[in-house]
2 protein chains.
Amino acid sequence: MPIKHDSAVPVYRQLAAILREEIASGTLAPDSPLPSESRLMQEHGISRDTVRKAIEILREEGLVVTVKGKGTYVAEG
Amino acid sequence: MPIKHDSAVPVYRQLAAILREEIASGTLAPDSPLPSESRLMQEHGISRDTVRKAIEILREEGLVVTVKGKGTYVAEG
DNA sequence: TGGGATTTGTTCGTATGTATC
DNA sequence: TGATACATACGAACAAATCCC
């Protein structure tokens, strides 16, 4: 599911949807770390700003927890 | 002094006036930092674009100095 | 003790598109 | 047409926490 820059759906919401799906499917298991912001930037060819907006959405949904200096983790069931 | 979106005075000029007054009154002392663009956006419920236009006015008036990655500071007397 | 690498947190700089008046 | 205002997106710099050697 490559990200489309010409979509009506903002890039950051596309990424949030991708990560949300990986969490729902178990590809990203509870307590496991998400790829770092740097990794997500590279993998999707997008900016840090956009990556952080996506993660912020998931954080507000209670799906992930972020720890400064460490990373972002999938919330426990 | 809440900002009025239905005023004849543009929002960015209203914010510039507010900040100018805080500098003049000493509420914002020389060398002290202004609230970040992010803070000003939240506090006044306006966009970053508009916040930056307001700060640009003060910068042109020599009232503030902006440093990338750090913030905007009240100019020294 | 110290230093370097990695990671998230925060800030300003710039550009583009959309909508409204 | 131009000015205003918002949202999106990418860059860049600085700061702080963590980790490992």
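Only a predicted model underlies this, so the values are computations on that prediction, with no experimental measurement involved. Chain A is the first sequence line, chain B the second, and so forth, proteins listed ahead of strands; every chain is numbered from 1.
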*Does the side chain of I57(B) come within less than 4.5 Å of R20(B)'s, by heavy atoms?*
yes

*Between dA9(D), dA17(D), dA12(D), which nucleotide has the shortest distance from any of its atoms to the side chain of R48(B)?*
dA9(D)

*Any idea which of dA9(D), dA13(D), dG9(C) is nearest the R59(A) side chain?*
dG9(C)

*Would you kindly compare P10(A) and K68(B) by the position of their nearest DNA chain D nucleotide and give the one closer to the 5′ end?*
P10(A)

*Could you give the CD-to-P distance, from Q14(A) to dC10(D), as a whole number of Å?*
11 Å

*For K53(B) and dC6(D), give me the distance from atom NZ to atom P, rounded to whole Å.*
9 Å

_Whole angstroms only, please: what is the CD1-P distance between I55(B) and dT14(C)?_
13 Å

*CG of L40(A) versus P of dT6(C): gap in Å, rounded?*
16 Å

*Straight-line distance of S47(A) OG to R52(A) CZ, nearest 0.5 Å*: 11.0 Å

*How close or far is atom C1' of dT10(C) from atom CD of E37(B), stated in whole angstroms?*
11 Å

*How close or far is atom P of dA7(D) from atom CD of E56(A), stated in whole angstroms?*
13 Å

*asked:* Below the 4.0 Å mark, does dC10(D) have OP1 or OP2 next to a side-chain nitrogen or oxygen of H5(A)?
replied: yes

*asked:* I'd like to know if R13(A) reaches the base of dT8(D) with its side chain, counting only an N/O donor and acceptor under 3.5 Å.
replied: no

*Could you check how far CD of Q42(B) sits from P of dA7(D), rounded to whole Å?*
13 Å

_Just N and O in the side chain of S36(B): are any of them under 4.0 Å from OP1 or OP2 of dT11(C)?_
yes

_Please tell me if Y12(B) has a side-chain N or O lying less than 4.0 Å from either OP1 or OP2 of dA5(D)._
no

_Candidate nucleotides dA5(D), dA15(D), dG11(D), ranked by approach to the side chain of T50(B) - the nearest_ = dA5(D)

_Among dT11(C), dT18(D), dA5(D), the nucleotide that comes nearest once only the side chain of K70(A) is considered_ = dT18(D)

*How many Å lie between CG on D49(B) and C1' on dG13(C), as a whole number?*
13 Å

*For DNA chain D, whose closest nucleotide is more 5', that of G69(A) or that of M41(A)?*
M41(A)

*Under the 3.5 angstrom rule, does the side chain of S7(B) hit a backbone N or O of K4(B) as a donor-acceptor pair?*
no

*Going from CG on L34(B) to CG on L58(B), what distance comes out if it is rounded to the nearest 0.5 angstrom?*
7.0 Å

*Interatomic spacing from OG1 in T50(B) to NE2 in H44(B) - rounded to 0.5 Å*: 11.5 Å

